Amino acid sequence: MFMGTYEHGIDAKGRVIIPAKLRDGLGDSFVVTVGLDGCLYAYPMDEWETFSTKLKELPGTKEARALQRTFMANAATCECDKQGRTLIPAGLRECVGIDKEVVFIGVLGKVEIWSKDRYESGNDTADLDTIADHMSEFGLSF
């Protein structure tokens with residue numbers, strides 16, 4: 001299970017250090033793809049297999065095909081070098097506005113990778129009480 005928030009810079013070659021606590025869970029090879037809310041998702045291989053199987057099992061609706069296409073077309077296998085760095089493909093970085101600084105967020109079975117600017121400007125938790133109230137419908141209480 002992933003958790004925590006970590007900040008790192010990107011070097012001139014587009015490499016970023018994966019925080020050690022997240023790197024252990026991601027393994028030597030992992031998948032990065034577009035995520036929701038303007039970030040990237042990084043999945044360990046076993047979680048990626050589970051996720052892609054669920055995508056495969058979706059009905060053949062237009063919306064399902066769009067999800068399948070988006071997640072799969074943008075997926076890239078990444079590996080860490082001996083220094084714990086990985087190269088996030090340029091197209092994925094551009095897609096979510098990652099330039100110089102990155103925020104990694106551990107979120108259960110995946111890691112979210114954010115542009116620091118986008119994360120800081122778009123993650124207002126002011127409405128968290130309202131969101132929590134709605135989650136009670138799913139059996140989550142605080």
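Residue indices begin at 1 and follow the sequence shown. Quantities reported herein were computed from a predicted structural model and do not represent experimental measurements.
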| Heavy atoms of other groups near M3 CE, more than 12 under 6.0 Å |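 Result for CE/M3: open.
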Taking all non-hydrogen atoms of both residues, which atom of [X] and which atom of [Y] are closest, and how far apart?
X: A75; Y: V31; answer: CB-CG1, 4.0 Å
X: V16; Y: G9; answer: CG2-O, 3.6 Å
X: F104; Y: I18; answer: CE2-CD1, 3.7 Å
X: P44; Y: G109; answer: CD-O, 3.6 Å
X: V32; Y: C78; answer: CG2-SG, 3.7 Å

Distance from [X] atom [atom1] to [Y] atom [atom2], nearest 0.5 Å?
X: L67; Y: K62; atom1: CG; atom2: NZ; answer: 13.0 Å
X: I105; Y: L22; atom1: CD1; atom2: CG; answer: 9.5 Å
X: L108; Y: K110; atom1: CG; atom2: NZ; answer: 7.0 Å
X: M72; Y: S52; atom1: CE; atom2: OG; answer: 5.5 Å
X: I98; Y: Y119; atom1: CD1; atom2: OH; answer: 13.5 Å
X: C80; Y: L26; atom1: SG; atom2: CG; answer: 7.0 Å

Just wondering, do [Y] and [X] contact through their side chains at under 4.5 Å, heavy atoms?
X: Y6; Y: V102; answer: no
X: L58; Y: E63; answer: no
X: S29; Y: T77; answer: yes
X: E112; Y: L40; answer: no

| query | Does the ring centre of F30 sit less than 6.0 Å away from the ring centre of Y43? | reply |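 Between F30 and Y43, which both carry aromatic rings, the centre distance is not below 6.0 Å.
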| message | Determine whether the aromatic ring centres of residues F51 and F71 are separated by less than 6.0 angstrom. | response |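 Centroid distance F71-F51: below 6.0 Å, so yes.
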| said: Using a 3.5 Å distance criterion without hydrogens, assess whether the side chain of R118 forms a donor-acceptor pair with backbone atoms of V96. | reply: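 Yes; judged by distance alone, with no hydrogens or angles, the pair exists.
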| task | Look only at the side chain of Y41 and the backbone of L36, and say whether a donor-acceptor pair between them is shorter than 3.5 Å. | result |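 Present.
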| said: The criterion is side-chain contact (heavy atoms from CB on, under 4.5 Å); which residues satisfy it with Q83, sequence neighbours excluded? | reply: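 With neighbours one apart ignored, the set is D81, R85.
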| Quick one: side-chain contact (heavy atoms from CB on, under 4.5 Å) partners of L87, sequence neighbours excluded? | R15, R93
| query | Among all residues two or more places apart in sequence or in another chain, which pass the side-chain hydrogen bond (donor to acceptor under 3.5 Å, both in side chains) test with Q68? | reply |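 So Q68 forms no side-chain hydrogen bond (donor to acceptor under 3.5 Å, both in side chains) with any residue.
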| request: For side chain to side chain contact (heavy atoms under 4.5 Å, CB included), just list the numbers for C95 and V34, CA-CA rounded to whole Å, side-chain angles, deciding distance to a tenth of an Å, and then say yes or no. | output: CA-CA 8 Å; C95 182; V34 294; 3.7 Å; yes
| field | Same apolar cluster (I L V M F W Y, side chains within < 4.5 Å links), F2/I88 | value |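 Hydrophobic grouping puts F2 with I88.
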| field | Short N-O contact, K116 and E7, less than 4.0 angstrom | value |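 Salt bridge between K116 and E7, a charged N being under 4.0 Å from a carboxylate O: yes.
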